[in-house]
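In what follows, a single structure is set out as structure tokens and then discussed.
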Amino acid sequence: MEEIELVVASAPQAISGAKNLDELEELESNLVGKRSKLLEIQKGMGSLSPEEKPIVGKALQEARGTIVSLLQRKRAELELAAANSLLEDDRVDVTIERLRLNQGTFHLIQQTIDEVCDIFLGLGYSVAEGPEAELGFYNFDALNTPPTHPARAESDTMYLDFGDPADEALLRTQTSPMQVRWMEKHEPPVHVVVPGKVYRNDTIDASHLPVFHQIEGLAVDNDIKFSDLKGTLAHFAREYFGPKTVVRFRPHFFPFTEPSAELDVSCFACDGSGCRVCGGAGWIEMLGCGMVDPNVFDAVGYDQTKVTGFAFGIGVERLAMVRHAIHKVRHFVDNDIRFLRQYA
Amino acid sequence: MKVSLNWLNEYIELPTQDPLELRNVLAALGHEVEGVEALEAAWSDVVIAKVLSIDAHPKADKVRVCSVTTGGDPIQVVCGAWNFGSGAVVPFALPGAVLPGDFKIGIREIRGVESKGMICSEKELDLGDDHTGILVLDDDAPIGVPFADWVELPDVVFDLTITPNRPDAMSMIGIARDLGAYYGVPLKLPTAELESTPGKTSTKVTIEAIDGCSRFVLREMKDVKIGPSPYWMKRRLRAAGMRPIANIVDVTNYVMMETGHPLHAFDGDRLAGDSLTIRWAEDGEKVMTLDDVERTLRSSDLVICDAEGPTSMAGVMGGARSEVVEATTRVLLEAASWDSPTILRTSRRHDLRSEASMRFERGVDPNLGLFASARAVRLLHESGGGTVVETPVDVIARKIEPREIELPISEVERTLGPGIDSEFIANALKGIGMEVEGDDPLRVRVPTFRPDVERPIDLIEEIARLRGFDWFGVSVPSGSGGSLTGEQKRTRRVRETLAGVGLNQAVNLSFVGEADLDRLGYPADHEARMVVRVINPLREEESLLRTTLLPGLLRNAQFNVSHGIEQVGLFEVGKVFFNRPDEEDPRIPEQPDHLGFVVAGGFLGDGLSGSVVEVDFYTAAGITRLVGSRLGIETMELSAADAPGYHPGRCAEVSVNGTRIGFVGELHPTAAEAYDLPGRIAVGELDLSNLVGPVSLRQNAAPSVFPRVEFDLAFLVDLEMPADRLLRVTRDAGGGLVESARVFDEYVGGSDGRKSLGIHYVLRANDRTLTNEDVAPVRGSMVEAAAGIGAKLRG
């Protein structure tokens, strides 16, 4: 019995000293296995008295149970350590970019167009594109721009060798002709925005491109008022430039709107106190707009005594340049991937 | 246009002189302020003095001793300038004065003579460059008055952009009138009353070009002496951005700035004969303009002729022959009203845009000429003497009368909303020179200096402008329930898909040149040669509208490669143009939206792992198929093709529902070389409308819950056999059990002119677990079907 107690007493220390699973296996064999003292005692039980037998047997069983349970706990411990050690060896430098997944980008012009269109989609507008190769009628005549208007000079407008010269095929100088085409096809009420390319006979420099982008907007209904124009564009400015944006409308002149206005927005960078972005003025000139001229309604066959409307034209490059501090318009057409990828 | 505040003050008593407020008011009136310049006197304590006497200096012969007065006792001052005599009125710096450059003036001894102060030159006061002598002022300049007051300093100059509809605002009086209407203060017009000599201007004027000239006023002045203008006029001209020259030309400029009516002065004695004719020029006719350039005219130009033919390009530039010169004594002053579009055309064509032509372009009030010319001869008379011949020539070819417009208040409210009371409306309109009668409707008589006001809406604009745009409220009307169309949504999906696989969207100009099309090897009869030509292109290289997106994208790729970017992936969505009538509107060219892409140098990933996929035909095909599947197009097919610009063996035609929508593949090595692009380049261009058109809605097929069976088959086929065909045939033979079939191995290189295709099949049933007994016959019929098209199962 003392021998059993001795084995049980010495076991915890031996087991907890095992450094690895091999040592533990060896220990197991020594403590409860074939070479163990307990087995030896068990084998010698035949020499015991019938009274002693059950007592020693029970003690043996208990001793074995205690030791096996210790061994199991230790095994679990050692196994976990071994697994952790494997994971430790698997450690990586998380700062190395071993896999770089390259999502591509939308052009900043496209992102700007999408963002503006989404704002107006939210107001219940439709989106339409129109032809870029247009006619004098749509680009000028129907927009109250007479044949003698300077914008129709070859120094401003690019003309195309196509069709009947009397039709004056040209590259549209504004997205506004789509106002006319849209109204020809749709009865009022009309709420539509028209993003797209427009063309001017300008050589490329820091601020001019012969091809750039506009977003036209048109709303026509039987009770549209000047305040609707103001409210709609103020909403747009806040959505695009931020909730603190304040707008200012100044009288201006466009052939196809009357009254016409230019919209300034408070500088988003300095909130109107004056900074480099706004050139110290606190205001940034943003877009042209106005109430649709009755002559335009005549040109599309709307009853000018029944409907009113407003229209606006947003310069896409300008929006993007202002918001992203881009100083050269040339960046938009180089398609330098380093430029494009900045605007993910 | 530059507007001096001091000059404006002559016509209006503004309630404020605060430049910031005025800047905002001008902007609110529709006159955009490009800049505000504050002009300050660069000196202190300079007053106007009169030279009483001049004596020689006892010890120096280069300077003189002057006695001047500023109204009190005589002051002795030594002066080195000799351009004046006693009686001259001069700017005099008192002792204690500080001149520009921190130049302090005190009491000094100059060679034994006390000098108390300094008589100043223009340069010393920083008013001009002249330092040849002291600045001699006009004789009537008030003695003792601070010199700064007399030269109207300080001053503020507003640089305004006047919109093209406002010819009247191209003048000091016009701007003053607008400000007066805004502040509710009256306009004080300058006087044009004349001290004249009875008589009639003897020149006979005939207007033949009735459409070109509605009215022509000619005033005669005799015994004029050419000389410098009074100082105040020079200063105002300078503030307005004009260079003073001599009295006659200065007066015409001054009155133009003041009233908005350009004037032209002829030397009456240098004109041939004593009659002027206004007519259209003859084609090829020539005139020597006063810049000594011979101009060739067209029949759309207007000319003023004397007995020897054209002597002036009407409204644009005078002629050299009748120009005012130093010896001129008899002046004929023209104040004419020319046809705006004609002046615009002529001045543009001859590249002769001037302050005058800019005003005629917008439209000068035909009834202003009498006043403007009278004002000019009055000023000329004041400054240069001369006698004014009382009665001018005034030929009216077309009488332009004030317009009458009826304005119902309801019309105002329909556009501007309710709330503007009719009293405000009447007063505002009166403030800008309209006559208003009645309550509702208002009957408005529009002065002829406002040719832009023709309809009620034009008056409504004026009302809104004078009410101030800030006055109006804001409201957001709800739209008519718009949304993106299906095509627009699917176009967005195309872009998302391409960006999703790493391509960057490019935006290019829509122009190409012949060289671009040559580089891609398009034959003469190819669709890409159906170009629309720009009549007035910027450059030859940009003279055609693009028929393909590839040249732009390839130039972009070239740009990027040349800037050291190794992997280039770009796509573009945009219009191309073909020289054939558009289906919907045959008057314009067909202009479909295309999708194009280019991939060079590697695809996907550039990490350390080197997981770059090499670019080849399959890059282009993979991108194309992905777009098709993302759009739910089940009928997209790629088949071998040979299209210009593409590698002949690595090009596929793409079709949807059997309609060809474009080509994809590898760029032809010759074209790649032309664009300096190394290696294999994947490109493609598809007609977008056929891609994003409506597709039938996918109906659900519930995924099978039963296990699958997989096996590989290897076939020997002819080299020309498209794998696609083998896949389709074997799939069809699978009786609906083939879940997928994919080529996993392709081996070409046997000597028998055949290739080996390894195909991996997955079979699965929806209703049961497939057994060997199920699969064996299916496999058998697949092999049999393959054999039917000449594909032999490999052993």
Side-chain angles (χ1 to χ4, degrees), chain A residues 97-100 102-107 109-110 121 123-127 131-135 148 150 153-154 158-163 167 169 189 191 201 203 210-211 224-228 230-232 234-235 249-253 258-259 261 291 294 308 332-337 340-341, chain B residues 27-28 30 163-165 341 344 348 414-417 457 461 464-465 469 472-484 488 495 498-500 502-510 532-536 538 556 559-560 565 568-570 575 577 587-589 591 604-609:
Chain A
E97 202 179 355
R98 210 168 262 278
L99 172 64
R100 183 175 298 162
N102 276 336
Q103 174 87 291
T105 51
F106 287 176
H107 197 288
I109 292 293
Q110 183 74 60
L121 282 163
L123 290 177
Y125 284 60
S126 301
V127 178
E132 292 168 17
E134 258 295 0
L135 297 176
T148 53
E154 285 203 354
M158 284 189 258
Y159 288 90
L160 301 175
D161 181 9
F162 184 84
D167 285 336
H191 299 85
N201 207 344
T203 30
V211 184
I224 293 215
K225 308 215 183 319
F226 190 62
S227 59
D228 295 325
K230 284 186 69 179
T232 300
H235 169 79
F249 290 82
R250 285 182 288 106
H252 202 69
F253 171 76
E258 184 151 22
M291 302 300 287
T308 50
F332 291 120
V333 291
D334 278 343
N335 295 307
D336 185 327
I337 287 178
L340 300 176
R341 296 192 70 88
Chain B
T163 52
N165 59 325
L344 175 74
R348 285 214 175 202
R414 205 162 67 90
T415 300
L416 300 182
I457 192 69
E461 177 175 53
R465 191 171 70 86
F469 285 3
F472 297 89
V474 291
S475 47
V476 184
S478 60
S480 30
S483 65
L484 291 179
Q488 288 165 341
R495 298 189 332 237
L498 294 169
L503 304 191
N504 302 287
Q505 188 185 11
V507 171
N508 279 295
L509 308 184
S510 314
V532 177
R533 206 165 282 279
V534 179
I535 291 171
N536 52 332
L538 288 159
N556 299 153
F559 177 95
N560 280 290
I565 293 154
V568 177
L570 291 164
K575 287 195 188 305
F577 305 80
R587 296 167 299 172
I588 54 175
Q591 37 199 312
L604 285 178
D606 53 359
L608 282 179
S609 61

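Naming convention: chains lettered A, B, ... in sequence-line order (proteins, then strands); numbering from 1 in each chain.
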At a 4.5 Å cut-off on heavy atoms, which part of Ile457(B) comes close to chain A: side chain, backbone, both, or neither? both
Pick from Pro131(A), Ala133(A), Ser126(A), Gly163(A): which one has the most heavy-atom pairs with chain B under 4.5 Å? Ala133(A)
Are any non-hydrogen side-chain atoms of Leu160(A) and Ile588(B) less than 4.5 angstrom apart? no
Whether the side chain of Gln505(B) engages the backbone of His107(A) through a donor-acceptor N/O pair (distance < 3.5 Å, no angle test) should be reported. yes
Measuring heavy-atom distances to chain B, does Leu340(A) have an atom under 4.5 Å in its side chain, in its backbone, in both, or in neither? side chain
Please rank Asp228(A), Thr308(A), Val333(A), Asp167(A) by heavy-atom pairs under 4.5 Å with chain B and give me the top one. Asp228(A)
Mind checking the OG1-CG spacing from Thr105(A) to Leu570(B)? Nearest 0.5 Å is all I need. 8.5 Å
Can Asn335(A) and Phe559(B) be said to form a side-chain contact (heavy atoms from CB on, under 4.5 Å), step by step? CA-CA 8 Å; Asn335(A) 295 307; Phe559(B) 177 95; over 6 Å; no
Per-residue contact mode, Met291(A) against chain B (heavy atom under 4.5 angstrom): side chain
Is the closest side-chain heavy-atom distance between Glu258(A) and Thr415(B) below 4.5 Å? no
For Phe332(A), is it the side chain, the backbone, both, or neither that has a heavy atom closer than 4.5 Å to a heavy atom of chain B? backbone
Between atom NZ of Lys575(B) and atom CD of Glu132(A), what is the distance when rounded to the nearest 0.5 Å? 5.5 Å
What part of Leu344(B) gets closer than 4.5 Å to chain A, counting heavy atoms only: side chain, backbone, both or neither? side chain
Using non-hydrogen atoms only, which part of Ala153(A) is less than 4.5 Å away from chain B: side chain, backbone, both, or neither? side chain
